[in-house]
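Working notes for the structure below.
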Amino acid sequence: MGVSLPPQLHVFVRDWLSGNHILLRSAHGHVVVDSGYHKHVPLTLALVASRAGLDGDELALVVNTHCHSDHMGGNAALKRAYGCRIAVPAREAPLIDRWDTRALLLDYAGQRAERFTVDERLDEGTVARWGDLDWHLLAAPGHDMGALVFYNPEHRVLIAGDALWEDGFGFVMPPRMDPAALPATRATLDLLAQLDVACVIPGHGEPFTGFPAALERAYARLEALEADPVRMARHATKTILAFSLLDRERMPLRDLPAYLDRAALFADLNAHYLHMTPVALAQWLVDELCRVGVAQVVDAVLATRHRN
């Protein structure tokens, strides 16, 4: 991966349907950060149990940077397999406790996850000891308003979740949907800019060392979103459908307008910003996803170009 990490830390790089997993080994109990998407649970279990993972050891704790489906989807399965505890950001815990599928962007966004119970709440501003390393738990709202990032100053490692990628960050709700999201995203970037970071482990993509350049790109993207909320809504709509397509792999074109209406996040984005009929919205999304190479139409079916 081209970066130097502490020997007790191992990153399983996944894809855009499942967030990366970080294994932190310790004689006091191994910890896994983020568990991927529900569809990929068999691979998640195999990776965690592999020679590069636990290799016959037990798992003590699963930690989530935030509770979107691609980061918490394997929690329940890991708890069944190992009897481990599950820790989530304190602001996310009530959503999990009542299984708020709208706030968690599950059925609201056409996504899924197996329900689990929370054993520990992670409070911002505290320090956790995982993998014999001290991790500072820092609030990182924006993409997810309850998200945390984990920073180890000794090795200058940042576990960033979806708050910072090498080329941006996770999608952010436009102002009419959540007026706090954009200002929170800027505040998070400002907080991260104060850290001395040698290596970033993002929620998606390879770990990277170019922290200042990544921050510069993230700020540029944020400024573009702030300047054009309609563009922001278009991006969010395309991103969420692309994720759904990675999950389902094939979506008949005739069913797409009804699906967009049923997954209410699409309907809300459309009502606030796009103002299209369901049929027109479906056609626009098909054209856009095919134009950027994410999807293709085969025999009246929208199909992913990526294999899962």
Side-chain angles (χ1 to χ4, degrees), residues 1-15 18-36 40-41 43-66 70-75 77-89 118-138 140 147-166 192 195-211 214:
M1 63 182 63
V3 299
S4 178
L5 292 169
Q8 67 269 45
L9 188 158
H10 182 80
V11 182
F12 294 98
V13 177
R14 299 300 298 270
D15 54 18
S18 281
N20 296 336
H21 320 311
I22 299 98
L23 174 63
L24 294 158
R25 301 185 185 88
S26 169
H28 305 291
H30 304 317
V31 177
V32 165
V33 180
D34 287 340
S35 64
H40 285 172
V41 159
L43 180 54
T44 296
L45 291 173
L47 290 172
V48 170
S50 70
R51 194 166 186 178
L54 297 174
D55 194 21
D57 289 347
E58 292 301 308
L59 179 63
L61 182 67
V62 172
V63 172
N64 293 129
T65 56
H66 62 294
D70 52 333
H71 293 260
M72 68 175 185
N75 284 13
L78 286 169
K79 190 166 189 173
R80 273 196 304 273
Y82 294 100
C84 58
R85 297 173 65 79
I86 297 176
V88 307
V118 175
D119 301 298
E120 299 179 22
R121 300 184 179 211
L122 303 172
D123 293 312
E124 63 180 88
T126 60
V127 178
R129 185 76 175 172
W130 302 323
D132 296 326
L133 299 169
D134 288 332
W135 296 93
H136 293 245
L137 279 52
L138 307 175
L148 297 174
V149 297
F150 310 136
Y151 174 62
N152 173 251
E154 178 186 359
H155 295 277
R156 302 161 59 212
V157 174
L158 176 68
I159 297 176
D162 289 345
L164 181 69
W165 299 336
E166 190 167 14
L192 297 183
L195 303 177
D196 179 16
V197 176
C199 175
V200 179
I201 304 173
H204 302 270
E206 295 278 350
F208 61 89
T209 57
F211 178 63

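For the single chain, residues carry numbers from 1 onward in sequence order. What you are looking at is a predicted structure, and each value in this text was computed from that prediction instead of being measured.
Every residue was checked against the ring pair (Phe, Tyr, Trp, His ring centres under 6.0 Å) condition with F211, not counting sequence neighbours, and none meets it. Remark: S26 engages D132 in a side chain to side chain donor-acceptor pair (under 3.5 Å) (not counting sequence neighbours). Qualifying side chain to side chain donor-acceptor pair (under 3.5 Å) partners for N20, counting only residues two or more places apart in sequence or in other chains: none. Shown here are the side chain to side chain donor-acceptor pair (under 3.5 Å) partners of H136, two or more places apart in sequence or in another chain: there are none.
A distance of 10.5 Å separates CD1 in I22 from CZ in F12, rounded to the nearest 0.5 Å. Taking CG of L133 as the start and CD of Q8 as the end, the distance is 4.5 Å to the nearest 0.5 Å. One distance of note links NE2 of H10 with CG of L47; it measures 8.0 Å at 0.5 Å rounding. The distance from the OG1 atom of T44 to the CG atom of D34 is 10.5 Å, given to the nearest 0.5 Å. Atoms CG and SG, on L78 and C84 in that order, are 5.5 Å from each other to the nearest 0.5 Å. In this structure, W135 CH2 and L122 CG are separated by 13.5 Å, a value rounded to the nearest 0.5 Å.
For the residue pair V41 and A77, the shortest heavy atom distance occurs at CG1-CB, 3.5 Å. Among all heavy-atom pairs drawn from W130 and L137, the shortest one is CH2-CD1, 4.2 Å. Closest approach of T65 to P89, counting heavy atoms only: O-CG, 3.4 Å. Closest non-hydrogen pair, L164 versus A160, comes out as O-CB, 3.6 Å. When all heavy atoms of S35 and G74 are compared, the pair lying nearest together is OG-N, 2.9 Å. When every heavy atom of A52 is checked against every heavy atom of L23, the shortest pair comes out as O-CD2, 4.0 Å.
Checked by atom type and distance alone, the side chain of N152 pairs as donor or acceptor with a backbone atom of D134 at under 3.5 Å.
Aromatic ring pairs are classed by plane angle as parallel below 30°, tilted from 30° to 60° and perpendicular above 60°; the pair H71 and H204 is perpendicular.
You'll find the side chain of L5 reaches within 4.5 Å of the side chain of I201, heavy atoms only. Considering only heavy atoms from C-beta on, L148 comes within 4.5 Å of E124 through its side chain.
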### Task
Check the pair D70, D162 against side chain to side chain contact (heavy atoms under 4.5 Å, CB included), reporting the backbone distance first and the verdict last.
CA-CA 10 Å; D70 52 333; D162 289 345; 4.2 Å; yes
### Query
Which is it for L138 and L195 under the side chain to side chain contact (heavy atoms under 4.5 Å, CB included) test, yes or no, and what are the steps along the way?
CA-CA 11 Å; L138 307 175; L195 303 177; 3.9 Å; yes
### Query
Hey, mind stepping through V88 and M72 against side chain to side chain contact (heavy atoms under 4.5 Å, CB included) and telling me if it holds?
CA-CA 9 Å; V88 307; M72 68 175 185; over 6 Å; no
Without placing hydrogens or testing angles, list every side-chain donor-acceptor pair under 3.5 Å for residues 54-61, not counting sequence neighbours.
from	atom 1	to	atom 2	distance (Å)
D57	OD2	H30	NE2	3.0

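Sorted by first and then second residue, the side chain to side chain donor-acceptor pair (under 3.5 Å) pairs with a member in residues 79-88 read K79-T117, K79-D119, R80-E114, R85-E120; sequence neighbours excluded.
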